[in-house]
Amino acid sequence: MTIEQIVFSAVTDVLKTLYDIDAEKGLIQLQNTRKDFKGDITLVVFPFLKYSKKSPEDTAFEIGTIIRKNVKEVESFNVVKGFLNIEFENGYWIKELENARQNTHFGISATNKNAELVMVEYSSPNTNKPLHLGHIRNNLLGFSLSEILKANGYKVVKTNIVNDRGIHICKSMLAWLKWGKGQTPENTGKKGDHLLGELYVEFDRHYKQEIAGLLEKGLSQKEAEEQAPSILEARDLLRKWESGDIEVVELWKTMNGWVYNGFDITYRRLGVDFDKIYYESDTYLVGKDEVLRGLQEGIFYEKDDGSVWADLTSEGLDHKLLLRSDGTSVYITQDIGTAKLRFHDYSINKMIYVVGNEQNYHFQVLAALLDKLGYKWGKGLYHFSYGMVELPTGKMKSREGTVVDADDLMEGMVKVARDMAKELGKLDSLTEEEAKKIYEIIALGALKYYILKVDPKKNMMFNPEESIDFNGNTGPFIQYTHARIQSVLRKSAEKKLAVDKNLTNYPEKLSFKEKELIKRIVQFPEVVKEAGGNYSPAFIANYCYELAKEFNQFYHDHPIIGENDKSVRELRLLMSAVVGKVIKDGMSLLGIEVPDRM
RNA sequence: GCCUCGGUAGCUCAGUUGGAUAGAGCAACUGCCUUCUAAGCAGUAGGUCAUGGGUUCGAAUCCCGUCCGGGGUACCA
């Protein structure tokens, strides 16, 4: 039992005997004791005053006295104002530590057969440009969230919906036909997604020039945008694609293939993957059929120009376009189709969409539409809405070239990691290949931690001018702590100082730092649970940092291998091993690897 | 305009269901490597928690107003 559970139940009993009240939820407030007071857990007694009719101090004292008598693990207590600080005996903490070591599922639940199935959609790229920092945040959050849900016992299917059709890809195709013909990833040496990104920019350059020309001829901005030859040609390509024109479809397949090869490289380096990939080209017609069914059943309505709409005013939303007047589908149409296919393919208990908060409205609408169409799971979909990554110059925009490219960013980080390691001379004894692997782990660790430590809901700032830190509250700090621990464990093994299977003989006293460290270790399962309940990788990241920091303080103050007292030495070795394990498990929930040396 | 999210140290961020003296890191300054990895540890300095009210034993946290910023707002995705 956790210390919270023990004290909670004890306090419940005390309240009954002392004041004859049945504690309702929220009445018993427990918190970790602040470090500057003596104790492990603190009960806030203010809520009991109206029952005790005594001062906060007296109330705390009488509760403390009984708890001390009733709970054998309680060593002592003290009262500060309305706060009852309770201290547990060392034996309790040692036992908890042992449990953390022995329990192979410490903090990480095994999935059972009856577990609920959660589908997590993330990444969802367009195939006309390479991935950028915004996608990185999405991918890392989606992957980490999936790992955290698994650790909480859910079955998880990671899925990706690839936006492989539509006007955007036609723009890149047109640019290739007109200005880039003959270029391939092979003969240019460019990554496929980057090649398409360049073509897309090329299209936009021409398009803008044409608009400028038309504006000079006296057309309005809107007219110019509609009548520029490039956009007309791109639309023509889209129509040909939709009608199955063999040449256009072949080109589309080829160019998308280039992009997928590029994406695969980025995904692999980033360490994310998917169990099932959907393509919009397969789902948009399903969505269209669903909309037409809704129209037939009178759920939706048609305007004079032929466009199809949903009236969502009764849900507090607005009227929403579902099919354009020319019969083509819009963004939300394909989401309807994709949802239908997914629930057909899997028995999903919960659907989570990892999509930026700019689409909050979109997902409210989607939930309402699915509900109207008769899907019982429609209202239960969860939009994991995360904040934007902002640059000092503002929002990232692909077309304006103000994006931080995912591949460039990772490559740059690896370079920094390499330079730093060489400067410190840490990896000189390793082969170049081994060292390279570690640079990669450190660089990606720095990047991932930097992104994931921030509350997902909030916008975050990234300044490309300042490189991401490797010191302080960072991924490498935590990785370093792990490497340091492994180093100690290696040395202790060489000296045959390893700990027994069971720690039978433990010291009477724990130092302040030792106990603080054990307390921190023991929190891990609760943190995993909260991270799952709140969909927040940041909880895990912050915990890992606190744990690593706690260990480093302990490490600085206490010899481990050099300790002469056998029982103390073994306890410290054991603590080190458990911290190493928890760091490794915790970081893996963030998709971050930890090296054994660095 | 309306809807929505946010504003905590110079910068980037934490801050649990409202609890004790609001915390980290970076940047600045000071110490600590003949002893288990100094990508570390310890210290100094840095705050009107945007702002004005309210709720109460107690507010960064809850409520209302104001200011500032992001996002959305019917044929982009």
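Values in this document were obtained by computation on a predicted structure and should not be read as measured data. Numbers restart at 1 for each chain; the letters A, B, ... are given by sequence-line order, proteins then strands.
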Tell me, do [X] and [Y] make a side-chain contact under 4.5 Å, heavy atoms counted?
{"X": "A/Y555", "Y": "A/T481", "value": "no"}
{"X": "A/M598", "Y": "A/H482", "value": "no"}
{"X": "A/H362", "Y": "A/V355", "value": "no"}

Looking across every strand, which nucleic acid part, if any, lies under 4.0 Å from [X] by heavy atom: base, sugar-phosphate, or nothing?
{"X": "A/A538", "answer": "nothing"}
{"X": "A/H482", "answer": "nothing"}
{"X": "A/E563", "answer": "nothing"}
{"X": "A/E466", "answer": "nothing"}
{"X": "A/V488", "answer": "sugar-phosphate"}
{"X": "A/F83", "answer": "base"}
{"X": "A/K491", "answer": "sugar-phosphate"}
{"X": "A/K457", "answer": "nothing"}
{"X": "A/F462", "answer": "nothing"}
{"X": "A/Q31", "answer": "base"}
{"X": "A/L30", "answer": "base"}
{"X": "A/T42", "answer": "base"}
{"X": "A/N32", "answer": "nothing"}
{"X": "A/Y331", "answer": "base"}

Euclidean distance for [atom1], [N] against [M] (whole angstrom):
{"N": "B/rU34", "M": "B/rA39", "atom1": "C1'", "result": "23 Å"}
{"N": "B/rU66", "M": "B/rC26", "atom1": "P", "result": "41 Å"}
{"N": "B/rG18", "M": "B/rC3", "atom1": "C1'", "result": "28 Å"}
{"N": "B/rC5", "M": "B/rC64", "atom1": "P", "result": "11 Å"}
{"N": "B/rG7", "M": "B/rA14", "atom1": "P", "result": "9 Å"}
{"N": "B/rU17", "M": "B/rG70", "atom1": "C1'", "result": "29 Å"}
{"N": "B/rG47", "M": "B/rU73", "atom1": "C1'", "result": "38 Å"}
{"N": "B/rC62", "M": "B/rG19", "atom1": "C1'", "result": "14 Å"}

Basic-acidic side-chain contact under 4.0 Å: [X], [Y]:
{"X": "A/K395", "Y": "A/E358", "result": "yes"}
{"X": "A/K566", "Y": "A/E570", "result": "yes"}
{"X": "A/K519", "Y": "A/E516", "result": "yes"}

In Watson-Crick or G-U wobble terms, both distances under 3.5 Å, what is the partner of [N]?
{"N": "B/rC67", "answer": "B/rG7"}
{"N": "B/rU61", "answer": "none"}
{"N": "B/rA39", "answer": "none"}
{"N": "B/rG1", "answer": "B/rU73"}
{"N": "B/rU44", "answer": "B/rA28"}

Using distance alone, with no hydrogens and no angle criterion, decide if A/Q359 and A/Y331 have a side-chain donor and acceptor under 3.5 Å apart.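 Yes, A/Y331 and A/Q359 have a side-chain donor paired with an acceptor closer than 3.5 Å.
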Does a donor on one side chain sit under 3.5 Å from an acceptor on the other, for A/S385 and A/N360? yes
Side chain of [X] - closest among [options]:
{"X": "A/D305", "options": "B/rA20, B/rG40, B/rC75", "value": "B/rC75"}
{"X": "A/R324", "options": "B/rA39, B/rG6, B/rC76", "value": "B/rC76"}
{"X": "A/W309", "options": "B/rC41, B/rC75, B/rG70", "value": "B/rC75"}
{"X": "A/H556", "options": "B/rA38, B/rC41, B/rG19", "value": "B/rC41"}
{"X": "A/Q359", "options": "B/rA77, B/rG19, B/rU37", "value": "B/rA77"}
{"X": "A/F539", "options": "B/rA39, B/rA77, B/rG15", "value": "B/rG15"}
{"X": "A/I561", "options": "B/rC36, B/rG40, B/rA39", "value": "B/rC36"}
{"X": "A/M420", "options": "B/rC57, B/rG70, B/rA39", "value": "B/rA39"}
{"X": "A/L424", "options": "B/rC13, B/rA39, B/rC36", "value": "B/rA39"}
{"X": "A/I442", "options": "B/rG25, B/rA77, B/rA39", "value": "B/rA39"}

On RNA chain B, does the nearest nucleotide to A/V44 precede the nearest nucleotide to A/V454 from the 5' side, or the other way round? Give the residue. A/V454
Closest-nucleotide 5' rank along RNA chain B - winner of A/L323 and A/P476: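 Whichever sits nearer the 5' end wins; that is A/P476.
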B/rA38 base to A/N471 side chain: any donor-acceptor pair below 3.5 Å? no
Value in whole Å for how far the [atom2] atom of [N] lies from [atom1] of [X]:
{"X": "A/F512", "N": "B/rA42", "atom1": "CZ", "atom2": "P", "answer": "12 Å"}
{"X": "A/M461", "N": "B/rA14", "atom1": "CE", "atom2": "P", "answer": "13 Å"}
{"X": "A/F37", "N": "B/rA20", "atom1": "CZ", "atom2": "P", "answer": "9 Å"}
{"X": "A/M460", "N": "B/rU12", "atom1": "CE", "atom2": "P", "answer": "11 Å"}
{"X": "A/N463", "N": "B/rA27", "atom1": "CG", "atom2": "C1'", "answer": "13 Å"}
{"X": "A/R137", "N": "B/rG70", "atom1": "CZ", "atom2": "C1'", "answer": "13 Å"}
{"X": "A/K453", "N": "B/rA14", "atom1": "NZ", "atom2": "P", "answer": "8 Å"}
{"X": "A/R34", "N": "B/rU16", "atom1": "CZ", "atom2": "C1'", "answer": "14 Å"}

For A/E563, run the side chain to side chain donor-acceptor pair (under 3.5 Å) check against A/R572, A/R569, A/H558 and tell me which one passes. A/R572
Does B/rC11 sit syn or anti, given that only angles within 90° of 0 count as syn? anti
Does [X] put a side-chain nitrogen or oxygen below 4.0 Å from OP1 or OP2 of [N]?
{"X": "A/K35", "N": "B/rA20", "answer": "no"}
{"X": "A/Q29", "N": "B/rG18", "answer": "no"}
{"X": "A/R484", "N": "B/rA38", "answer": "yes"}

Output, in order, the C-alpha distance, side-chain angles, deciding distance and verdict of ring-ring contact (aromatic ring centres under 6.0 Å, His included) for A/F363 and A/Y382. CA-CA 8 Å; A/F363 280 97; A/Y382 182 76; over 10 Å; no
